[in-house]
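All values reported here derive from a predicted model rather than from experimental measurement. Sequence lines set the chain letters: A, B, ... in the order given, protein chains first and strands last, and positions in each chain run from 1.
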Amino acid sequence: MSEGERATRRARLEALREKGIDPYPARVGPREAIAVVRSRFGEQSAEALEVDPQTVAVVGRIVAVRSFGKLVFVRLLEAGETIQVSVRRQEIDAELFDWIRSFDVGDFVRIEGPVWRTRTGELTVDAKAAQILAKSLRPLPEKWHGLTDVESRFRQRYLDLLSNEQARRIAVLRSRTLSAMRAFLDARGFLEVETPVLQPIYGGAAARPFDTHHRRYDQKLYLRISDELYLKRLVVGGLDRVYEIGHNFRNEGISRKHNPEFTMMECYQADADYRDMMDLSEEMIREIAERVCGTTRIEYQGTTLDFGAPWRRVPMRDAIRDATGIDVLEHGDLEALSGAMRGRGLEPSDAPTWARLVDDLFSDRVEPDLVQPTLVSDYPLDLSPLAKRSVEDARLVERFEPFVAGMEIGNAFSELNDPDDQRARLEQQRRALAAGDEEAHPLDEDYVMALEHGLPPTGGLGIGVDRLVMILADVPNLREVILFPHLRPIAPDGAPEEP
RNA sequence: GGGCGCGUAGCUCAAUUGGCAGAGCAAGGGACUCUUAAUCCCUAGGUUCGGGGUUCGAUUCCCCGCGCGCUCACCA
């Protein structure tokens, strides 16, 4: 950066201190929100304001200065709203004029004075008094192009938020999505709870965990990959509608759709099954879309996604058969299915089991085309060690996942509540883990014990909040909706270099 | 992790075959009482991501490293 500009601002800061003015005062004088001032005077004509002058005080960050010598226009930004300030040499004494002129773009100030309208009709506060609220020592990004460098936008998100309308819009939209989600669940009697992020045994999903260590207890701990097992313990305990919105941590690759730390909503409802959760997920996302976007028809990357209509529901078997002509249940083992795929000119992946091959086939041939909201159900049992067996086919489980825009945005099932079946399934996972499958589930004896006390029939649903926000915000990259996405440190010690 | 691409002033971007590193905005000085990216004149601002190599000479070509993007793999 230009030392000149930093030095200039620094010098002005020192000048303030020498004059006994705190550049970062603890108290702000009385003021009104810019939005309030704008709406209060929005209807009043220039003449009305001239006849009956009203004095207001506003605060904000200076985002532009246009000087005409003895007349200066300054634009203040506060809470996404701006207002113009005029400083007129003729109206105030030289000392105050110079004082206000010494403010830099980026400074936070308080301005007090009567409201008037310029010749172009712009509502303007004519400065009669001014207070510095916080001195800015570094320049803001360029006013017209804003900040476009992707890396800088993520590393210095505050600058992105300041200079790019889109960034602010997404941040607000995300917050509203969370509010709408909570409102939906609260209204249905779900209790918001908090469960451990630091877990002695991770579980509830297939993923590699981050691990850490508790010094005092000399205990190995994992950052949760899911809150599932704790939430179901709460249902055992009689909290029969619970949800949690929190971060999960998965030690996996980073992509457009993956961040190592992401936000998941999980809810559990006693006396419900996966069909009930299908209804719940449809209604939830429909209501969120309505509340956040004002419509259930969402434009996403040039396609209109219709969350209003009943979502398409399709068993995984049918979806794969429709896409490939292969009935995975008629080719019920690895060799048979591999053979059937080759017969259709498809190269089977090197999946180790039938279930994995089904999953790969689905991911490759079906998932990308699931653009309109779709609930895909009845997954292979081996992929779902926490889901209840399907009553129709013992190879399947009562599970579904919602897909939108070719992207999985959730996961749900009739929760497995048979402790013996659960133990057996987790034993199998443990063997896979021991055999080198790093995403297999460990066996959580304490969880199985909880099931032995009795988990009622329960439906569970998880929604990937970041991905949902991607859809609602119409952005193709998860990092746009995560305020501080994971990035490598810029310097070896993790501290940004002093520019 | 692989492949491809990118990295130049605070920001947005130029720079001919390898030949003095430039512009706009922002900043500093000056003019200007109605601007909305104000305008006009002047000034200053650079480890061209870092290191090495080739060369009389490297922003440019080569190698290594770092960071970012896209993509594939992995992964929900």
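- Between A/W116 and A/F73, the ring planes are parallel. Angles under 30° get that label, and only those over 60° would be called perpendicular.
- Using N1 to N3 plus N6-O4 or O6-N4 for Watson-Crick, or N1-O2 and O6-N3 for G-U wobble, each under 3.5 Å, B/G69 pairs with B/C4.
- Here A/R9 lies out of heavy-atom contact (under 4.0 Å) with every strand.
- Heavy atoms of A/A207 sit under 4.0 angstrom from primed sugar atoms or phosphate atoms, though from no base atom.
- Residue side chain A/Q84 reaches the base of B/U35 through a donor-acceptor N/O pair under 3.5 Å, judged by distance alone.
- Backbone-only engagement by A/G146 is indicated by non-hydrogen atom pairs under 4.0 Å involving sugar-phosphate atoms exclusively.
- Where A/A64 and A/Y379 each meet RNA chain B at their nearest nucleotide, the meeting point lying more 5' is that of A/A64.
- Among the protein residues, A/T118 comes within range of the nucleic acid bases, having at least one heavy atom under 4.0 Å from a base atom.
- Judged by Watson-Crick or G-U wobble contacts below 3.5 Å, the nucleotide B/A38 has no partner.
- Residue contacts shown for A/L159 are absent, as no nucleic acid heavy atom lies under 4.0 Å away.
- If you check residues 34-51 of chain A against RNA chain B, you find no residue with a heavy atom closer than 4.0 Å.
- Aromatic pair A/F362/A/F403: centroids less than 6.0 angstrom apart.
- A salt bridge does not link A/D107 with A/R12: every distance from a Lys NZ or Arg NE/NH1/NH2 to an Asp or Glu carboxylate oxygen is 4.0 Å or more.
- For A/R66 and B/U35, the shortest distance from a side-chain N or O to OP1 or OP2 is not below 4.0 Å.
- Between A/T120 and A/D364, the one whose closest nucleotide on RNA chain B sits nearer the 5' end is A/T120.
- Among the heavy atoms of the strands lying under 4.0 Å from A/E439 are primed sugar atoms or P, OP1, OP2 only; no base atom is included.
- Within the 4.0 angstrom heavy-atom criterion, base atoms lie near A/D359.
- A side-chain hydrogen bond (donor to acceptor under 3.5 Å, both in side chains) with A/D466 is found for exactly one of A/R174, A/K257, A/H258, namely A/R174.
- Between A/R488 and B/G67, a side-chain N or O to OP1/OP2 separation shorter than 4.0 Å is present.
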Summary of protein contacts for nucleotides 28-33 of chain B, nucleotide by nucleotide, where a base hit scores B, a sugar-phosphate-only hit scores S (4.0 Å, heavy atoms): S---BB
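- Checking the phosphate oxygens (OP1, OP2) of B/C34, no side-chain nitrogen or oxygen of A/R117 falls inside 4.0 Å.
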